[in-house]
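In what follows, residues are counted from 1 in the order of the sequence shown. Predicted, not measured: the structure shown is a model, and the values here were computed from it.
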Amino acid sequence: MVARFLSFLGTNQYFLGFSSLCGAIGFVLTIIVTAKTSKISKILRHNAITSQYNKERISFQNTFEGHRKSIIVDGLQSKQLLTDILKNVEAYRAKFSEILSWREKIRLAMFIKQLKKEPNQADYNLICNYLASISGRLSKKGDMKNG
């Protein structure tokens with residue numbers, strides 16, 4: 001009796017159509033759930049980095065302001081100063097690049113290019129402007145994403 005019932009199901013076009021439809025719906029639902037899970041994972045990563053940014057932003061801001069004052073007030077223009085600024089900018093970029101906009105990433109790349117120049121070829125006015133720009137960015141807390 002069971003064999004006859006299974007044979008009937010294997011040849012019944014309505015049951016086979018219903019089974020195929022359920023399979024297609026299941027596939028679509030799997031894709032939707034995968035996409036949502038990926039989005040949630042990205043939001044959680046962004047929020048973790050933003051939280052770290054909010055904790056460390058004042059420290060970075062003070063460092064960049066100190067470098068700017070060293071150039072303006074103290075008149076320092078040395079290879080050591082450029083290397084120290086470069087180290088701090090690279091640390092900032094490495095930690096927070098995922099939450100920076102494309103515009104900020106491009107500005108950082110241009111800033112890094114300026115910092116890699118020899119001390120007598122570097123434009124210290126431009127370096128001070130970049131430092132002020134980064135300090136201004138750091139004065140604002142990062143926003144968390146909700147979804």
Side-chain angles (χ1 to χ4, degrees), residues 5-6 9-10 12-147:
F5 179 69
L6 291 178
L9 291 179
N12 186 311
Q13 65 182 359
Y14 297 112
F15 181 75
L16 292 175
F18 179 72
S19 296
S20 296
L21 180 65
C22 287
I25 291 172
F27 178 71
V28 170
L29 288 176
T30 300
I31 291 173
I32 291 171
V33 167
T34 302
K36 292 286 186 183
T37 303
S38 174
K39 184 178 178 184
I40 290 170
S41 180
K42 286 180 185 177
I43 289 171
L44 291 175
R45 176 129 175 91
H46 179 274
N47 286 346
I49 293 171
T50 301
S51 178
Q52 182 182 5
Y53 168 83
N54 288 336
K55 290 177 188 172
E56 297 182 24
R57 69 185 180 83
I58 298 298
S59 173
F60 274 107
Q61 186 179 28
N62 291 337
T63 301
F64 292 138
E65 280 298 315
H67 288 311
R68 194 171 69 80
K69 287 178 183 175
S70 294
I71 294 171
I72 293 173
V73 176
D74 301 337
L76 292 179
Q77 295 185 358
S78 67
K79 184 71 173 171
Q80 180 64 40
L81 178 64
L82 293 179
T83 304
D84 288 345
I85 296 171
L86 179 61
K87 181 182 77 165
N88 290 316
V89 170
E90 284 291 358
Y92 172 75
R93 184 171 72 162
K95 283 186 176 183
F96 307 120
S97 70
E98 289 186 40
I99 62 171
L100 297 175
S101 68
W102 283 104
R103 182 177 174 213
E104 291 167 331
K105 289 177 183 179
I106 291 169
R107 285 186 62 85
L108 283 175
M110 292 172 19
F111 185 26
I112 289 169
K113 184 179 177 184
Q114 188 67 227
L115 292 171
K116 289 183 177 180
K117 291 183 177 181
E118 291 299 318
N120 59 349
Q121 295 175 344
D123 183 352
Y124 287 92
N125 185 42
L126 185 60
I127 290 172
C128 285
N129 289 341
Y130 282 128
L131 286 169
S133 175
I134 293 174
S135 293
R137 161 66 158 108
L138 288 164
S139 67
K140 181 181 182 261
K141 279 190 166 189
D143 296 328
M144 299 286 190
K145 284 188 176 180
N146 292 328

(request) Answer whether the closest heavy-atom distance between the side chains of Leu115 and Thr83 falls below 4.5 Å. (result) no
(message) Please check this pair: side chain of Asn54 against backbone of Gly142, looking for a donor-acceptor N/O pair closer than 3.5 Å.
(response) yes
(message) If I compare all heavy atoms of Lys105 with all of Ser97, which pair ends up nearest, and what's the gap?
(response) CE-O, 2.8 Å
(message) Checking side-chain polar atoms at under 3.5 Å, does His67 have a donor or acceptor matched by the opposite partner on Asn88?
(response) yes
(request) Give a yes or no on whether the backbone of Gly26 and the side-chain of Thr30 come within a donor-acceptor separation of less than 3.5 Å. (result) yes
(message) Taking the six-membered ring for Trp, are Phe96 and Tyr92 closer than 6.0 Å centroid to centroid?
(response) yes
(request) Please report the shortest heavy-atom distance between Tyr53 and Lys140, naming the atom on each side. (result) OH-O, 3.2 Å
(message) To the closest 0.5 Å, what do you measure between CD (Glu104) and CD1 (Ile99)?
(response) 8.5 Å
(request) Report the distance from atom CZ of Arg103 to atom CG of Leu108, rounding to the nearest 0.5 Å. (result) 12.0 Å
(message) So, taking the atom named OG1 in Thr37 and the one named CD1 in Ile32, what distance separates them when rounded to the nearest 0.5 Å?
(response) 11.5 Å
(request) Can you establish whether the number of heavy atoms outside Lys87 located under 6.0 Å from its atom NZ is more than 12? (result) no
(request) Taking the side chain as every heavy atom from C-beta outward, state whether His46 and Thr50 have any pair of such atoms under 4.5 Å apart. (result) yes
(message) Using 0.5 Å steps for rounding, measure from the NZ atom of Lys42 to the CG atom of Asn47.
(response) 14.5 Å
(request) Name all residues meeting the side-chain hydrogen bond (donor to acceptor under 3.5 Å, both in side chains) criterion together with Ser51; count only those two or more places apart in sequence or in a different chain, and write none if there are none. (result) none
(request) Just do the side-chain contact (heavy atoms from CB on, under 4.5 Å) check on Ile85 and Ile71 with the steps written out, would you? (result) CA-CA 11 Å; Ile85 296 171; Ile71 294 171; 4.1 Å; yes
(request) Could you tell me whether the side chains of Gln61 and Ser135 share a donor-acceptor contact shorter than 3.5 Å? (result) no
(request) Would you mind reporting whether Arg68 and Ile127 have side-chain heavy atoms less than 4.5 Å apart? (result) no
(request) Rounded to the nearest 0.5 Å, what's the gap from OH on Tyr130 to CG on Asn125? Could you check? (result) 11.5 Å
(request) Sequence neighbours left out, what passes side-chain hydrogen bond (donor to acceptor under 3.5 Å, both in side chains) with Thr63? Give chain and number order. (result) none
(message) Within the 4.5 Å heavy-atom criterion, are Leu131 and Phe111 side-chain neighbours or not?
(response) yes
(request) Indicate the atoms forming the closest heavy-atom contact of Leu82 with Pro119, along with that distance. (result) CD1-CA, 3.9 Å
(request) Could you check if a side-chain atom of Glu118 sits within less than 4.5 angstrom of a side-chain atom of Gln121, using non-hydrogen atoms only? (result) yes
(request) Could you please spell out the steps behind the side-chain contact (heavy atoms from CB on, under 4.5 Å) verdict for Phe60 and Phe64? (result) CA-CA 6 Å; Phe60 274 107; Phe64 292 138; 4.1 Å; yes
(request) Spell out, as yes or no, whether a donor-acceptor pair under 3.5 Å connects the side chain of Gln114 to the backbone of Asp123. (result) yes
(request) Applying side-chain contact (heavy atoms from CB on, under 4.5 Å), run through Ile49 and Arg45 and close with a yes or a no. (result) CA-CA 6 Å; Ile49 293 171; Arg45 176 129 175 91; 3.9 Å; yes
(message) Looking at Arg93 and Glu90, is there a salt bridge between them, counting it only when a charged N and a carboxylate O are closer than 4.0 Å?
(response) yes
(request) Go through Lys69 and Asp74 one step at a time and tell me if the side-chain contact (heavy atoms from CB on, under 4.5 Å) criterion holds. (result) CA-CA 7 Å; Lys69 287 178 183 175; Asp74 301 337; over 6 Å; no
(request) Sorted by first residue and then second, give each salt bridge (charged side-chain N to carboxylate O under 4.0 Å, His left out) pair with at least one member in residues 54-63; sequence neighbours left out. (result) Glu56-Lys95
(request) Calculate, to the nearest 0.5 Å, the distance between atoms CZ and SG belonging to Phe18 and Cys22 respectively. (result) 3.5 Å
